2 protein chains.
Amino acid sequence: MSLRIALLGLLDAKGPASGYDLAKAFERSLNHVWQAGHTQIYPELVKMADDGLVEVESEGARGRKIYAITREGTAWLHEWLVGHDPSTVVRSEAALKAFLLTLLGPGEAIEVVTQIKAHAQARLTGLECLGTPASEAFTGRFALDLGRRQAQAMIDWANATLATLEGRRVPGASQGA
Amino acid sequence: MSLRIALLGLLDAKGPASGYDLAKAFERSLNHVWQAGHTQIYPELVKMADDGLVEVESEGARGRKIYAITREGTAWLHEWLVGHDPSTVVRSEAALKAFLLTLLGPGEAIEVVTQIKAHAQARLTGLECLGTPASEAFTGRFALDLGRRQAQAMIDWANATLATLEGRRVPGASQGA
DNA sequence: AGCTACATGTAAGACGTTACATGATTTT
DNA sequence: AAAATCATGTAACGTCTTACATGTAGCT
């Protein structure tokens with residue numbers, strides 16, 4: 001259902017758009033929150049139109065189809081945002097690596113953590129580029145802040161873990177907030 | 001591939017086990033890192049046996065089949081841990097809600113953030129119960145620390161966002177580490 | 001005898017990725 | 001004229017969830 005929510009959210013926030021536009025919007029803005037390519041988006045829009053959540057507002061050049069959110073779609077979106085209990089399913093390859101870190105020797109473990117840290121730093125840099133503190137109001141600004149904090153938490157974890165692995169601190173201790 | 005890694009990791013860390021045992025281990029220890037039920041685990045173990053990564057060591061009562069990791073399996077596991085670039089695919093319903101927060105009125109937005117905060121706090125409490133600072137060495141202790149930090153980051157975000165929504169702070173500003 | 005925990009599976013369907021396929025318009 | 005970008009789709013395959021199905025062993 002979350003793909004629907006993401007698509008409805010974009011249509012609600014930015015107005016009518018084609019599947020192509022939505023795929024681009026996914027790449028640019030939603031990327032750090034949810035992922036979907038055009039091969040998933042096009043069929044989903046058709047299904048959503050069948051269900052009355054969106055409608056083809058107009059057709060442009062090159063077979064371009066502009067979808068608009070319907071009143072039913074808006075209602076559905078708000079219902080989900082307020083009423084739906086966010087699922088706690090987590091599937092993180094980085095966390096899986098962290099879990100199995102004790103199976104490796106110290107040298108290899110340091111290598112893996114360093115790699116994870118580099119990824120988190122790249123992610124943080126990418127997020128910093130998306131919004132500056134000056135631009136105060138835009139859709140997704142709260143998610144951007146959340147993404148930054150999550151990336152920073154991963155970097156902090158990597159630093160603490162590297163310190164442990166290098167024997168500079170006690171292992172497994174809780175380092176607080 | 002990550003399900004394989006998780007299963008191989010458990011077999012490597014805790015020794016031979018049945019599919020049933022592995023499903024239980026998923027529930028208890030791996031839950032905050034990767035999820036899988038028995039309906040996914042049983043067929044995967046069969047495929048892994050076909051591929052030579054595990055083997056049926058013995059069969060016990062009630063049709064119980066004990067799987068053990070093979071040398072090839074161990075090699076494969078280490079290869080993945082060190083060599084595989086962790087995918088950055090993120091799909092978080094909480095983050096999606098955060099993204100779409102601006103579509104809601106202040107009252108509803110506060111409600112949603114409060115709900116997310118409660119979930120993060122429950123998660124943090126659950127993780128705290130899994131390991132005490134005293135027990136210094138166990139498989140997954142690094143992932144536990146990571147999970148705690150991620151949960152704390154979410155709680156911090158929720159508090160900052162609530163402050164913004166209640167008009168106590170500037171919106172969208174970067175709050176640093 | 002009935003309940004609970006152990007133990008393993010299959011099948012249908014939803015969700016997601018990769019590869020393939022096609023054609024129109026704009027830019028170089 | 002060729003290349004890039006716009007624009008939409010299908011098909012095959014892999015992963016994940018939910019529901020269904022079966023039988024054993026221990027406990028009360």
Side-chain angles (χ1 to χ4, degrees), chain A residues 1-8 10-11 16-28 30-31 33-51 53-54 56-67 80 84-93 96, chain B residues 1-8 10-11 16-28 30-31 33-51 53-54 56-67 80 84-93 96:
Chain A
M1 289 296 88
S2 297
L3 175 58
R4 289 192 165 203
I5 297 302
L7 292 170
L8 288 175
L10 286 175
L11 288 174
S18 68
Y20 189 86
D21 296 332
L22 291 166
K24 291 285 161 195
F26 256 91
E27 264 175 49
R28 273 186 274 105
L30 256 181
N31 213 274
V33 154
W34 206 267
Q35 270 128 315
H38 75 276
T39 57
Q40 218 187 332
I41 292 170
Y42 289 132
E44 189 65 28
L45 284 170
V46 172
K47 277 190 235 157
M48 287 163 76
D50 287 347
D51 294 345
L53 302 173
V54 297
V56 179
E57 191 199 47
S58 63
E59 304 204 16
R62 277 175 288 191
R64 182 180 166 87
K65 280 188 256 179
I66 313 289
Y67 288 90
W80 188 89
H84 171 84
D85 225 30
S87 85
T88 45
V89 283
V90 176
R91 278 193 182 94
S92 158
E93 289 194 355
L96 182 55
Chain B
M1 289 299 88
S2 297
L3 175 57
R4 288 191 165 204
I5 297 302
L7 292 170
L8 288 175
L10 286 174
L11 288 174
S18 69
Y20 189 87
D21 296 332
L22 291 166
K24 290 284 162 195
F26 256 90
E27 264 175 49
R28 273 185 274 106
L30 257 180
N31 213 274
V33 154
W34 205 266
Q35 270 129 314
H38 75 275
T39 58
Q40 218 186 333
I41 292 170
Y42 289 132
E44 188 65 29
L45 283 169
V46 172
K47 278 189 234 157
M48 287 162 77
D50 287 347
D51 294 345
L53 302 174
V54 298
V56 178
E57 192 199 45
S58 63
E59 304 203 18
R62 277 174 287 190
R64 183 180 165 88
K65 281 188 254 180
I66 312 289
Y67 287 90
W80 188 89
H84 171 83
D85 225 31
S87 84
T88 45
V89 284
V90 176
R91 276 192 185 93
S92 159
E93 288 193 356
L96 182 56

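Only a predicted model underlies this, so the values are computations on that prediction, with no experimental measurement involved.
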- Message: Without decimals, in angstroms, what is the distance between Arg62(A) CZ and dG9(D) P?
- Response: 15 Å
- Query: Does Tyr42(B) put a side-chain nitrogen or oxygen below 4.0 Å from OP1 or OP2 of dG9(C)?
  - Reply: no
- Message: Measure CD/Glu93(A) against P/dT15(D) and give the value in whole Å, please.
- Response: 12 Å
- Check the distance between dA7(D)'s C1' and Lys65(A)'s NZ and give it to me in whole angstrom. 10 Å
- Task: Check whether the side chain of Thr39(A) and the base of dT18(C) form a donor-acceptor pair under 3.5 Å.
- Result: yes
- Message: Under 4.0 Å from OP1 or OP2 of dC16(D): is there any side-chain N or O of Arg91(B) that close?
- Response: no
- Nucleotide dG23(C), atom P - distance to NE2 of His38(A) in whole Å: 16 Å
- Query: What is the distance from NZ of Lys24(A) to C1' of dT8(D), rounded to the nearest Å?
  - Reply: 13 Å
- OP1 or OP2 of dA7(D) less than 4.0 angstrom from a side-chain nitrogen or oxygen of Arg64(A), does that happen here? yes
- Task: Supply the atom-to-atom distance Leu3(A) CG to Gln35(A) CD, rounded to the nearest 0.5 angstrom.
- Result: 12.0 Å
- Item | Any Gln40(A) side-chain N or O less than 4.0 Å from OP1/OP2 of dT17(C) | yes
- Answer yes or no: is there a side-chain heavy-atom contact under 4.5 Å between Leu10(B) and Asp21(B)? no
- Nearest-Å distance, CE (Met1(A)) to C1' (dC15(C))? 10 Å
- Where each residue is assigned the nucleotide of DNA chain C containing its nearest heavy atom, which of Asp21(B) and Val89(B) is assigned the position nearer the 5′ end? Asp21(B)
- Message: Any carboxylate oxygen within less than 4.0 angstrom of a Lys/Arg side-chain nitrogen, looking at Arg64(B) and Glu59(B)?
- Response: no
- Message: Categorize Arg4(A) for me: base, sugar-phosphate, or nothing, with a 4.0 angstrom heavy-atom threshold over every strand shown.
- Response: nothing
- Kindly say whether Val33(B) contributes a backbone atom to a donor-acceptor pair with the side chain of Arg91(A) at under 3.5 angstrom? no
- Task: Could you say whether Tyr67(B) or Ala61(A) is positioned toward the 5' end of DNA chain C, judged by the nucleotide with the nearest heavy atom to each?
- Result: Tyr67(B)
- Rounding to a whole Å, what distance do you find between Trp34(B):CH2 and dC16(D):C1'? 11 Å
- Task: Please round to the nearest 0.5 Å and tell me the distance separating atom OG of Ser18(B) and atom NZ of Lys65(B).
- Result: 10.5 Å
- Item | Rounded interatomic separation in angstrom, taking CG from Leu45(B) and P from dT10(C) | 12 Å
